[in-house]
Protein chains: 2
Amino acid sequence: MALEHAILVSLLEKPGSGYELARRFDRSIGYFWAATHQQIYRVLKRMEGDGLIDAREVAQQDRPDKREYSVAAPGREALSQWLHEPIEPESVRHELAVKIRGAAFDDPAALIHEVERHRKAHADRLAHYLAGERRDFTGPEAPRALDAGRELQHVVLRGGIAYERMTLDWLDDVIATLERLAPPHAGAAR
Amino acid sequence: MALEHAILVSLLEKPGSGYELARRFDRSIGYFWAATHQQIYRVLKRMEGDGLIDAREVAQQDRPDKREYSVAAPGREALSQWLHEPIEPESVRHELAVKIRGAAFDDPAALIHEVERHRKAHADRLAHYLAGERRDFTGPEAPRALDAGRELQHVVLRGGIAYERMTLDWLDDVIATLERLAPPHAGAAR
DNA sequence: CTTGTCTATGCAACGAGTTGCATAGAAGGA
DNA sequence: TCCTTCTATGCAACTCGTTGCATAGACAAG
């Protein structure tokens, strides 16, 4: 039930509606825990029923009303408890890796375009992270004082940056390997 | 349905029973696509029903009989088709990152032990990968000839190694950040 | 002699996650 | 005027994945 905890963290950082949470999950916290609006609305309902969060109807002009959620005391308690529980180190799920191994039983060259497409997606994400870092953490208005929330957001973002850089290097290695196995000018390897 | 495809790849590399596949998913291919025996048995049933794989009862002495599966022609076809379809670049799911951001609303120092535990798990996995690489890809009996299956398994393993190295570096950064936020000797940051 | 581990397979129930669809008002462009 | 986009919420159906439990023979340790 990590989505529940991700929502608690996000609502502690700033209260918001289901829709707003879905937007945040498309950026920021969602880089490390993706979720669709369906999931979010469903879980918000359950969490409100369990008393973890409070809802407040907010009338708006020029747009539909919204339900703004904020963390209640039991929600803070639940998060704190979760933080003190150990979790299992993640097992990665890398569909592309399965494809690469599968390419041995098909045409390796046919995968090159697909890998290049992934490379581009990761390059874009890296550029996006770096822009966010410049904007939020190294700008002139970046406070010098030790702010736990900021520091922790920054270290998580550094993790995202390191991940994308590593992935780009690896995908270059993959492309080089695929090209070696299926040289464009010579015949295929026996 | 990537599990289906991971199973096809694994069975093409070597036919085997559900139990044997579950073992392989605990190592090798499972490093990039984890699965429990329950999932595997269920999907094998479905795939046999769909004609993607063939089953063969194998009597054994001193242990229970097993059903050995191998890939049928339609299975090869299905894999090939999947390889030619584009897939979405993965979105990572990193529960630890959620915890780290959550630590801003709790005691950051309390997370240090948890992060160190994860660091150790990743260090172990890296050592395991490196041992596998030495054994299978750089030993004296490693063939020099260009073998697509070997090369592709190796490049995927290199990806795993790069991932673990990156993760170790990042976790060191996380630990340093947490310690900075909660120095063991001085008072807590305001 | 009992307990635990390994091979081998499976059911049942539940929870998590995805996909398609629906509603509804306002704004902006073709 | 119509079409699309944005905000905002939700239902229904489905697939995927996890957890607990069960069976069953062989073997090893205590």
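So you know, we letter chains A, B, ... as the sequences are listed, proteins then strands, and number each from 1.
- The distance from atom CZ of F25(B) to atom P of dT18(D) is 12 Å, rounded to the nearest whole Å.
- Phosphate contact (OP1/OP2 of dT7(D), side-chain N/O of Y19(A), threshold under 4.0 Å): present.
- A 4.5 Å side-chain heavy-atom check between M166(A) and D169(A) finds every atom pair outside the cut-off.
- L44(A) places its CG atom 11 Å from the C1' atom of dT9(D), with the value rounded to the nearest Å.
- Taking atom CD on E68(B) and atom P on dA8(C), their separation rounds to 10 Å, with Å as the unit.
- Judged purely by distance below 3.5 Å, without hydrogens or angles, the side chains of E133(A) and H154(A) pair a donor atom with an acceptor atom.
- Note on Q60(B): a side-chain N or O is less than 4.0 Å away from OP1 or OP2 of dA8(C).
- If you measure from atom CD1 of I7(B) to atom P of dG17(D), you get 10 Å, rounded to the nearest angstrom.
- Contact between the side-chain N/O atoms of Y41(B) and the OP1/OP2 oxygens of dT9(C) is found at a separation under 4.0 Å.
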R67(B)/S17(B) under side chain to side chain donor-acceptor pair (under 3.5 Å): CA gap, chis, key distance, verdict | CA-CA 5 Å; R67(B) 287 173 66 75; S17(B) 68; over 6 Å; no

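- For the pair I7(B) and E4(B), the minimum side-chain heavy-atom distance is 4.5 Å or more.
- Of the possible donor and acceptor atoms, none in the side chain of D50(A) sits under 3.5 Å from a partner among the backbone N and O of L52(A).
- In this structure, CD1 of I40(A) is placed 13 Å from P of dG10(D), rounded to the nearest angstrom.
- For D106(A) and S80(B), the side-chain atoms include at least one donor-acceptor pair closer than 3.5 Å.
- Classified by interplanar angle (parallel below 30°, tilted 30° to 60°, perpendicular above 60°), the ring pair W82(B)/H5(B) is parallel.
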CA sep, side-chain torsions, deciding dist, call: Y19(B), Y41(B), ring pair (Phe, Tyr, Trp, His ring centres under 6.0 Å) | CA-CA 8 Å; Y19(B) 186 84; Y41(B) 281 120; 8.1 Å; no

Heavy atoms under 4.0 Å is the rule here; annotate nucleotides 14-20 of chain C 5' to 3' with B where the base is hit, S where only the sugar-phosphate is, and - elsewhere.
-> --SBBBB

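- At a threshold of 4.5 Å between non-hydrogen side-chain atoms, the residues T36(A) and I40(A) do not count as touching.
- We find that CZ of R23(B) is positioned 14 Å from P of dT5(C), with the value rounded to whole Å.
- One atom, NZ of K45(A), and another, P of dA8(D), lie 16 Å apart when rounded to the nearest Å.
- Rounding to whole angstrom units, OH of residue Y69(B) and P of dA8(C) are separated by 13 Å.
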Would you tabulate the pairs of protein nitrogen or oxygen atoms and nucleotide nitrogen or oxygen atoms of nucleotides 2-4 of chain D closer than 3.5 angstrom?
none

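- Considering only heavy atoms from C-beta on, L152(A) stays 4.5 Å or farther from V156(A) through its side chain.
- Considering only side-chain N and O atoms, S17(B) lies under 4.0 angstrom from the phosphate OP1 or OP2 of dT9(C).
- Looking at S28(A) and R101(B), their side chains do bring a donor and an acceptor atom within 3.5 Å of each other.
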Please walk me through it: do H94(A) and W170(A) pass ring pair (Phe, Tyr, Trp, His ring centres under 6.0 Å)?
-> CA-CA 13 Å; H94(A) 214 316; W170(A) 177 59; 5.6 Å; yes

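- One finds no side-chain N or O of K66(B) lying less than 4.0 angstrom from the OP1 or OP2 phosphate oxygen of dT9(C).
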Could you encode protein contacts along nucleotides 24-29 of chain C as a string, one character per nucleotide from 5' to 3', using B for base contact, S for sugar-phosphate-only contact and - for no contact, with a heavy-atom cut-off of under 4.0 Å?
-> --SS--

